[in-house]
Q: 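Could you have a look at this structure, given as structure tokens, before my questions?
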Amino acid sequence: MTTHSSAAIEVHDLVKRYGDKAALDGVSFDVPRGTVCGLLGPNGAGKTTAVRILTTLTEADAGVASVAGIDVAADPAGVRRRIGLAAQDATVDGLLTGRENLTMIGELHHLGRRTSQARADELLAQFDLVDAGGRLAKTYSGGMRRRLDLAATLVARPEILFLDEPTTGLDPRARNELWDVLETLVGDGATILLTTQYLEEADRLADDIVVVDRGRVIARGDARGLKRQVGGAQAFVTVVDPARLGAVADMMARITGAEPGIDPEGRSVTVPTEGGPRVISQLADALADEDVEVEDIGLRQPSLDDVFLTLTGEHIADDAPVEVP
Ligand code: ATP
């Protein structure tokens, strides 16, 4: 069943239950062609479940989903021909080299041996794996492995890509390298649905962000809009002597005109500000004038935890990572 829609992905009132727990509890969103949608949420929010339904690995209990205009329940094979999936568990074979992995996938897609080898070499170059291409994949670092995973999803030039937490578990450097690669794909006009626990990742890569929590969509917008909802950037000062916290809060209130929050345990004061570095330089001067010993000072963007706190009034569960890398 094909619909004539400009959306690459359409999801309407999707429900998926495991026992009496709803992993998805009426989720709706759409992804226009040529855009990147970031499905953002903590562990257990339902992100992987949504991806599994859209990639035909599991069926919804209720609701409708279409990918490339094809209903996922009515024609799963048709959907599978149009998509690429980089799942959380690596799909590449550690006992084959990077090049062999990519070539094999090409052959599975009936590209023919020669075309598959050429495509493998092209992808190894694109993902900066030329030197590693002859080594067994099990010897790759985490970041290289993720790049190979991503390359594997692109062998058959899919129309729509699903990336499930592409950078979770990577160190900051590997994460940045992968973001560079993904940015190139995005720049080339790919349609991508990516799931992530990191606001910064969604911010950097996604045109549109859908925030999910406990199986429901709790907010949607671009990164700037979401950050505005949580009050934008914050200036913070961490002092050496907690006795100075009150004085610093007064200073920050005077400079920003906003109401600061004091965290006695963290010995820090935080205040929302749109003033950017100018506010920090005024603060630094005032702190120096009053001889306040400072451990840390700066501007920070809202974290995923800030977004959740503002939208739901609750912190993310303790087992979920809340830091923005
Ligand atoms: P994560 O970052 O941990 O992958 P997620 O947002 O992708 O989180 P899901 O994996 O979609 O979340 O899980 C949503 C909820 O459904 C969770 O509470 C999870 O425990 C539950 N769940 C998912 N798959 C199953 C399953 N096969 N059987 C039982 N419960 C499941």
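All ligand and atom numbering here is 1-based and tracks the order in the structure. The structure displayed is predicted, hence computed values, not measured ones.
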Q: Please check if atom CD in Glu183 has more than 12 non-hydrogen atoms from other residues, nucleotides or ligands closer than 6.0 Å.
A: yes
Q: Show the nearest heavy-atom pair for residues Val237 and Leu283, with the distance to one decimal.
A: CG2-CD1, 4.1 Å
Q: By side-chain hydrogen bond (donor to acceptor under 3.5 Å, both in side chains), which residues pair with Thr139, not counting sequence neighbours?
A: Arg135
Q: I'd like the contact residues of ligand 1, where contact means a heavy atom below 4.0 Å.
A: Tyr18, Lys21, Ala23, Pro42, Asn43, Gly44, Ala45, Gly46, Lys47, Thr48, Thr49, Gln88, Glu165, Gln197
Q: Ignoring hydrogens and geometry, is there a side-chain-to-backbone donor-acceptor pair from Asp207 to Thr35 under 3.5 Å?
A: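 The answer is no, because no donor-acceptor pair under 3.5 Å joins these two groups.
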Q: side-chain hydrogen bond (donor to acceptor under 3.5 Å, both in side chains) with Thr103: which residues, sequence neighbours excluded?
A: none
Q: For residues 273-281, which side-chain N or O atoms pair as donor and acceptor with protein atoms under 3.5 Å away, sequence neighbours left out?
A:
residue : atom : partner : partner atom : Å
Thr273  : OG1  : Gly275  : N            : 2.8
Ser281  : OG   : Arg278  : O            : 3.4

